[in-house]
Amino acid sequence: MSIAESQVAKLKNQIRNWVIFFMFGLVISGATAFPLENELNWLAAHSAWLPSSLSQWAGQTAQGLTQTNASFPFISYGTDWLAFAHIIIALLFIGVLRDPVRNIWIVEWAMLCCVLIVPLAFIAGPIRGIPFFHQLIDCSFGLIGIIPLLIVRGKILQLERQRAG
């Protein structure tokens, strides 16, 4: 194997590892939407270590979700779809695993999605009465999520240059 072939193989492996890491993150974050009521009740029950405003928010959110699910369980169907969407989006990245250069658009699209989390959180958050600190937590998903995508995009561009040169 030549040095160039070795570098291409190394780049492909790095891209693959970062993409799988990102896909795993999407699936895990989506899967947490299924047992949301249980998770919020647990957080509320163990909120003594949280700042008082966050502790109060956790209790209020858990109570609201529990009461809503008791009277209107179909409302939580929306979070089931949220979880499903995360899993489907993760599956989209199979295209990047198969042909990173050809499917770089998937990575760039996901980067745009990460950026758009910020205005969504700061527009919809106040409208829905979401505390500012929670809006920041929501924004962190986009800001943290874009990091592996930037790495993957950079490595795909390197791979493209390697193939061309």
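Because the structure is a prediction, the values reported are computed rather than measured. Sequential numbering from 1 along the given sequence is applied to the chain's residues.
- We find the CD-CG distance between Gln63 and Asn41 to be 10.0 Å, quoted to the nearest 0.5 Å.
- For the atom pair Ile20 CD1 and Leu97 CG, the distance stands at 5.5 Å (nearest 0.5 Å).
- Atom-to-atom distance recorded for Asn38:CG and Thr32:OG1 is 12.5 Å, nearest 0.5 angstrom.
- Closest non-hydrogen pair, His86 versus Ser29, comes out as CD2-OG, 3.2 Å.
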Yes or no on side chain to side chain contact (heavy atoms under 4.5 Å, CB included) for Phe132 and Gln135, after CA distance, side-chain angles and deciding distance? CA-CA 5 Å; Phe132 182 71; Gln135 293 172 44; 4.3 Å; yes
With a cut-off of 3.5 Å and sequence neighbours excluded, list every side-chain donor-acceptor pair involving residues 48-57.
unit_1	atom_1	unit_2	atom_2	d
Trp49	NE1	His46	O	2.5
Ser55	OG	Ser47	OG	2.8

Please report, to 0.1 Å, the donor-acceptor pairs under 3.5 Å made by any side chain of residues 104-131, with sequence neighbours excluded.
unit_1	atom_1	unit_2	atom_2	d
Trp105	NE1	Asn103	OD1	3.4
Glu108	OE2	Arg153	NE	3.0
Glu108	OE2	Arg153	NH2	3.4

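- Summarising the geometry, atom CG belonging to Asp99 is positioned 14.0 Å from atom CD1 belonging to Ile94; distances are rounded to the nearest 0.5 Å.
- Both Val96 and Ile88 are assigned to one and the same hydrophobic cluster, defined by single-linkage of ILVMFWY side chains at heavy-atom distances under 4.5 Å.
- Under the 4.5 Å side-chain heavy-atom criterion for Ile, Leu, Val, Met, Phe, Trp and Tyr, Ile15 and Phe21 are members of the same hydrophobic cluster.
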Kindly determine whether Phe22 and Leu26 satisfy side chain to side chain contact (heavy atoms under 4.5 Å, CB included), including the steps that lead there. CA-CA 6 Å; Phe22 188 78; Leu26 277 170; 3.5 Å; yes
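- Atom CG of Leu92 and atom CD1 of Ile87 lie 14.0 Å apart (nearest 0.5 Å).
- Within 6.0 Å of atom CZ in Phe74, more than 12 heavy atoms from other residues, nucleotides or ligands are found, so the atom counts as buried in its surroundings.
- The backbone N or O of Ser76 sits less than 3.5 Å from a side-chain atom of Thr79, completing a donor-acceptor pair.
- Listed by chain and number, the residues in a ring pair (Phe, Tyr, Trp, His ring centres under 6.0 Å) with Phe34 amount to none (sequence neighbours excluded).
- Under the 3.5 Å distance criterion, the side-chain polar atoms of Glu5 are matched with a main-chain donor or acceptor of Ser2.
- Hydrophobic clustering (ILVMFWY, side-chain heavy atoms < 4.5 Å, transitive): Trp81 and Ile89 are in one cluster.
- Hydrophobic clustering, with ILVMFWY side chains joined whenever heavy atoms are under 4.5 angstrom apart, keeps Leu91 apart from Val27.
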Result block: side-chain N/O donor-acceptor pairs under 3.5 angstrom for residues 142-152, not counting sequence neighbours:
none

Go through Thr66 and Glu37 one step at a time and tell me if the side-chain hydrogen bond (donor to acceptor under 3.5 Å, both in side chains) criterion holds. CA-CA 6 Å; Thr66 299; Glu37 183 178 351; 3.3 Å; yes
Give every donor-acceptor pair under 3.5 Å between a side-chain atom in residues 154-165 and any protein atom, sequence neighbours left out.
unit_1	atom_1	unit_2	atom_2	d
Lys155	NZ	Gln14	OE1	3.0
Gln162	NE2	Gln7	OE1	3.1

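- There is a path of hydrophobic side-chain contacts, each under 4.5 Å, that joins Phe84 to Phe93.
- Nearest approach of Ala83 to Ala33, heavy atoms of both residues: CB-CB, 3.9 Å.
- With sequence neighbours left out, the ring pair (Phe, Tyr, Trp, His ring centres under 6.0 Å) criterion links Phe141 to no other residue.
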